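To keep things clear, I will list the structure first and then write my remarks on it.
Owing to the predicted nature of the structure, the values given are computational and were not obtained by experimental measurement. Below, each value reflects all heavy atoms present in this structure, side chains not excepted, and no hydrogens, waters or symmetry copies. In this chain, numbering begins with 1 at the start of the sequence shown.
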Amino acid sequence: MKTFYFKEKDNIYKIFQVIDKLPKKQKEVIFDINVNNDFFKNKWWLKLVLEKASEKNLNIVFVIENNKQEALMKLFQVNYVWREVPMIKKIMKFF
């Protein structure tokens, strides 16, 4: 399974380009989108990406970091995995 990383400033068109360029034999990919990307603030974008993926019979697994993202993924019944946060970051966030 191949992983694609999207930065905070990447837009939906970049995601579409990645989907379009994937070979037909590719059936599953991981999209790791920066938590501050507008993608997670816009339900319509997620819907469009899922429709585009469906056209290519592609299953996308999203990497998430928070409960808001999880709620969005559950709303659209999308596969996701939680990003592993190092213990030191958890401790620093606590203090």
Side-chain angles (χ1 to χ4, degrees):
M1 194 168 359
K2 192 167 182 172
T3 302
F4 295 93
Y5 299 94
F6 298 94
K7 300 174 188 170
E8 181 178 347
K9 299 293 183 188
D10 287 342
N11 59 30
I12 192 168
Y13 300 110
K14 180 155 184 176
I15 296 171
F16 281 163
Q17 287 176 336
V18 168
I19 293 172
D20 285 339
K21 290 180 182 179
L22 287 172
K24 290 185 181 188
K25 65 180 181 174
Q26 188 79 42
K27 294 299 175 193
E28 192 167 67
V29 293
I30 297 174
F31 279 4
D32 189 347
I33 302 173
N34 184 293
V35 69
N36 296 319
N37 189 301
D38 288 339
F39 180 81
F40 291 112
K41 299 173 188 161
N42 192 328
K43 293 177 188 174
W44 181 251
W45 284 10
L46 177 58
K47 185 175 186 215
L48 290 175
V49 167
L50 293 175
E51 287 175 2
K52 185 80 167 168
S54 176
E55 291 172 6
K56 291 193 79 167
N57 294 322
L58 180 67
N59 183 32
I60 301 174
V61 177
F62 291 91
V63 178
I64 63 168
E65 292 183 18
N66 61 44
N67 292 333
K68 277 186 165 182
Q69 291 173 326
E70 182 179 34
L72 181 63
M73 296 298 129
K74 284 183 177 180
L75 179 68
F76 285 93
Q77 299 176 349
V78 178
N79 295 328
Y80 63 90
V81 293
W82 280 89
R83 178 183 317 280
E84 289 294 322
V85 180
M87 186 57 80
I88 189 72
K89 279 191 173 184
K90 289 181 184 180
I91 293 169
M92 292 181 76
K93 194 174 192 179
F94 179 74
F95 290 107

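Under the 4.5 Å side-chain heavy-atom criterion for Ile, Leu, Val, Met, Phe, Trp and Tyr, Met1 and Ile33 are members of distinct hydrophobic clusters. One hydrophobic cluster, built from ILVMFWY side chains closer than 4.5 Å, holds both Leu46 and Leu58.
Taking the side-chain hydrogen bond (donor to acceptor under 3.5 Å, both in side chains) definition, one finds that Asn11 meets it with nothing, sequence neighbours left out. For the ring-ring contact (aromatic ring centres under 6.0 Å, His included) test, no residue two or more places apart in sequence or in another chain qualifies with Phe40.
Between Phe31 and the choices Val63, Val18, Val61, the side-chain contact (heavy atoms from CB on, under 4.5 Å) rule is met once, by Val18.
Applying the 4.5 Å side-chain rule to ILVMFWY residues, one finds that Val35 remains a lone member of its cluster.
Proximity of Trp45 to Ile15: side-chain heavy atoms (C-beta onward) are nowhere separated by under 4.5 Å. Side-chain contact check for Lys24 versus Asn57: every heavy-atom pair is 4.5 Å or farther apart.
Within a 6.0 Å radius of NZ in Lys43, no more than 12 heavy atoms belonging to other residues, nucleotides or ligands are found.
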Determine all donor-acceptor pairs shorter than 3.5 Å in which one atom belongs to a side chain in residues 49-56; sequence neighbours excluded.
unit_1: Lys52; atom_1: NZ; unit_2: Asp20; atom_2: OD1; d: 3.0
unit_1: Lys56; atom_1: NZ; unit_2: Ile19; atom_2: O; d: 3.0
unit_1: Lys56; atom_1: NZ; unit_2: Asp20; atom_2: O; d: 3.3
unit_1: Lys56; atom_1: NZ; unit_2: Leu22; atom_2: O; d: 2.8

Please list, one pair per line, the donor and acceptor atoms closer than 3.5 Å that link side chains of residues 73-82 to other protein atoms, with sequence neighbours excluded.
unit_1: Asn79; atom_1: ND2; unit_2: Asn59; atom_2: OD1; d: 3.2
unit_1: Tyr80; atom_1: OH; unit_2: Glu70; atom_2: OE2; d: 2.8

For a quick test of your reading: what N or O donor-acceptor pairs under 3.5 Å do the side chains of residues 3-10 make, sequence neighbours left out?
unit_1: Asp10; atom_1: OD2; unit_2: Lys7; atom_2: N; d: 2.7

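At distances below 3.5 Å, at least one donor-acceptor pair connects side-chain atoms of Asn66 with backbone N or O atoms of Gln69.
Pairing each heavy atom of Lys2 with each of Gln26, the nearest pair is N-NE2, 4.0 Å. In terms of heavy atoms, Asn36 sits closest to Asn34 at N-OD1, 2.7 Å.
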